[in-house]
Amino acid sequence: MKILVLGSGAREHAIVSTLLRDPAGHDIIAAPGNAGIAQVVETVAMDITKGDVVAAYAEDTAVDLVVIGPEAPLVSGVADALRARGIAVFGPNKSAARLEGSKDFAKEIMDAAGVPTGRAVRASSIEEVNAALDEFGAPYVVKADGLAAGKGVIVTSDREAAHAHAAHYVQYGPVLVEEFLDGQEVSLFVLSDGSTVVPLSPAQDYKRAYDNDEGPNTGGMGAYSPLPWLPTGFVDDIVRTVALPTIREMAERGTPFVGLLYCGLIITARGVRVIEFNARFGDPETQVVLERLDSSLADLLYATATGTLHEAPAPVFSDDVALTVVLASEGYPESPETGRAIFGLNEALTVPGVTIAHAATAASEGGFIATGGRVLSVIARADSFANARTAAYSALDSIQLDGSHFRTDIALRVVS
Ligand code: AMP
Ligand code: GLY
């Protein structure tokens, strides 16, 4: 197949690497891609948030499938433009991407579909925010309604900080004040062709910047898969109680969801609750989930895009485990330093089981420089989490980027 992958992060690098592993062999193009992706496939500069630009390119180059990685093109309707031209696309239309693009809409769908989620109040003024903060009490959870590049959510016991966050976002639209939920978080990716639902293997993300879940929220500092501590039947239960009702509700409203529904879950003492939906693969969870996928990713994505998931073979996941550790620039997430040289990547790659997905790098003088906050995802696959941790951290020992930081406790809880 000729496949166009949209996006430029470590997630897209992992998607491209997984597609390349497929014995069937595919012709892959990435737009715009990144310096790591450019080492393995052709990359094309393009404004991927413009549906007409992407659709014209896909038509001219006769691609068989477009895979949309990030949320921005989904929310701006790139999938709609492709579908209008009869091009197979993995990723929901704009109307269905609202499950991620509006937290308020996601709550409305969950309420209608009977999906368990945290209680929330929609506030349109700072007075309403204050009343809701008083109602729920500390710790406070405030969420901007729309896309905010991972910065829209605050969880804090500091009422002033919760108030300031809400006061900022409420200028642009409604905010949600939500009850605080306590428990382990699980990311479950579910493929949907609009009616059939196929879950992938669950993963856990590390959202906070520093060890022991301290520091600010980030886009994700690491992940591992599978989750050996999950109760039996967990994935089937989530498909039945979360994914299927949501997918049915979207179909009944005439806005079927075609692509990947990312169920962000929290296991509380009172049961599982959805904390968020995303309309795309998660980053960095994709790096570990796809690392363990032993069957064809292209076949699954194509079946999803073409409404034939019911006849597609179920995905096969390895018994191996995978973890990823994100290397971040100095100052991430607040104000990352960029332009610094990265050394030691080739040596890191000599560690057995280790691969590296690039997130924010640029080629420079025969090497790479960092161009953003999350720079690289170091991925390790092994027969145990202890061995995967040894491999990933020994690879990180070889990598030098001035001032950079990473978490040292990824998957530690499943080793000790
Ligand atoms: P979200 O963008 O909604 O996933 O929120 C980002 C992160 O904030 C989540 O991964 C959680 O770690 C945390 N979070 C979100 N909602 C809640 C909540 N109601 N209670 C506790 N933590 C939350
Ligand atoms: N890892 C969280 C996300 O992709 O939104």
Side-chain angles (χ1 to χ4, degrees), residues 7 9-12 14-15 68-72 74-75 97 99-107 110 116-121 132-133 136-157 161-162 165 169 175-189 200 202-209 213-225 260-290 323-326 328 333 357 359 373-374 377 407 410:
R11 164 184 52 211
E12 287 76 22
I15 291 171
I68 303 182
E71 58 275 20
L74 296 169
V75 168
L99 277 179
E100 171 164 5
S102 166
K103 290 189 188 284
D104 191 33
F105 176 74
K107 287 283 186 203
M110 285 189 268
T117 184
R119 274 188 313 124
V121 168
L133 291 175
F136 287 114
Y140 305 100
V141 181
V142 179
K143 302 184 174 186
D145 178 58
L147 293 185
K151 295 196 174 123
V153 176
I154 193 170
V155 181
T156 179
S157 292
H165 185 84
Y169 281 105
V175 300
L176 294 186
V177 179
E178 193 171 294
E179 71 175 310
F180 174 77
L181 300 168
D182 193 24
Q184 289 290 329
E185 287 184 42
V186 177
S187 303
L188 182 68
F189 297 167
L200 303 183
Q204 189 168 48
D205 181 16
Y206 288 71
K207 286 256 165 59
R208 299 277 180 159
D213 294 330
E214 283 170 17
N217 262 324
T218 71
M221 293 297 290
Y224 66 94
S225 173
L260 188 142
L261 181 66
Y262 166 134
C263 304
L265 309 165
I266 191 155
I267 307 178
T268 75
R270 289 181 291 132
V272 178
R273 301 281 183 274
V274 175
I275 30 180
E276 66 165 342
F277 283 134
N278 292 318
R280 46 149 183 99
F281 279 101
D283 190 344
E285 297 96 315
T286 299
Q287 288 87 302
V288 291
V289 172
L290 294 188
L323 68 84
T324 188
V325 183
V326 171
R374 292 194 293 173
S377 260
R407 282 184 64 156
I410 306 301

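Count residues from 1 along the sequence. Atoms within a ligand are numbered from 1 in the order they appear, just like the ligands themselves.
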Sub-4.0 Å atoms of ligand 1 with respect to non-hydrogen atoms of [X]:
X    : value
V155 : 8 (O), 13 (C), 14 (N), 22 (N), 23 (C)
K207 : 9 (C), 10 (O)
V141 : 16 (N), 17 (C), 18 (C), 19 (N), 20 (N)
K103 : 1 (P), 2 (O), 3 (O)
F180 : 20 (N), 21 (C)
E178 : 16 (N), 18 (C), 19 (N)

Are any of the N/O atoms in E276 less than 3.5 Å from those in ligand 2?
->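 The answer is no, given that E276 and ligand 2 share no N or O pair closer than 3.5 Å.
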
Polar atom proximity, E285 to ligand 2 (N or O, under 3.5 Å) =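 Yes; the residue has a nitrogen or oxygen that sits under 3.5 Å from a nitrogen or oxygen of the ligand.
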
F281 and F189: ring pair (Phe, Tyr, Trp, His ring centres under 6.0 Å), yes or no, with the steps?
-> CA-CA 7 Å; F281 279 101; F189 297 167; 5.7 Å; yes

[X] versus [Y]: any side-chain heavy-atom pair under 4.5 Å?
X    : Y    : result
E12  : P70  : yes
N217 : R208 : yes
K107 : T117 : yes
V142 : L133 : yes
V121 : F136 : yes
E100 : L147 : yes
V153 : E276 : no
Y140 : S157 : no

Is K143 paired with D104 through a side-chain N to carboxylate O contact shorter than 4.0 Å?
->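 No salt bridge links D104 with K143.
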
Considering only NZ, NE, NH1 and NH2 on the basic side and carboxylate oxygens on the acidic side, decide whether E178 and K103 come within less than 4.0 Å.
->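 No, E178 and K103 are not salt-bridged.
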
[X] neighbourhood, listing ligand 2 atoms whose heavy-atom distance to it stays under 4.0 Å:
X    : value
N278 : 5 (O)
G282 : 4 (O)
D205 : 1 (N), 2 (C)

Please state which protein non-hydrogen atom is closest to atom 17 (C) of ligand 1 and give its distance, to 0.1 Å?
->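 Protein heavy atom at minimum distance: I275 CG2, 3.7 Å.
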
Protein contact to atom 21 (C) of ligand 1 [nearest heavy atom, distance to 0.1 Å] |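 Here the closest protein heavy atom is L181 O, 3.1 Å.
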
Determine the sole option in R280, E71, E285 for which the side-chain hydrogen bond (donor to acceptor under 3.5 Å, both in side chains) test with Y262 is passed.
->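 Going through the options one by one, the only one that passes is E285.
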
Heavy atom under 4.0 Å from ligand 2: found in R280's side chain, backbone, both, or neither?
->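 The answer is the side chain of R280.
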
For ligand 2, the portion of Y262 having any non-hydrogen atom under 4.0 Å away =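 It is the side chain that gets close, since no backbone atom is under 4.0 Å.
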
G219 near ligand 2 by a heavy-atom separation under 4.0 Å =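 Per 4.0 Å heavy-atom rule, G219 contacts ligand 2.
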
Under a heavy-atom criterion of less than 4.0 Å, does G220 contact ligand 2?
->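 False for this residue.
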
Quick one: which of T117, D205, V153 has a heavy atom closest to atom 5 (O) of ligand 1?
->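 Nearest option to atom 5 (O) of ligand 1, by heavy atoms: V153.
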
E276, R208, K143, E185: member with heavy atom nearest to atom 15 (C) of ligand 1 =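 Looking at heavy atoms only, the winner is K143.
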
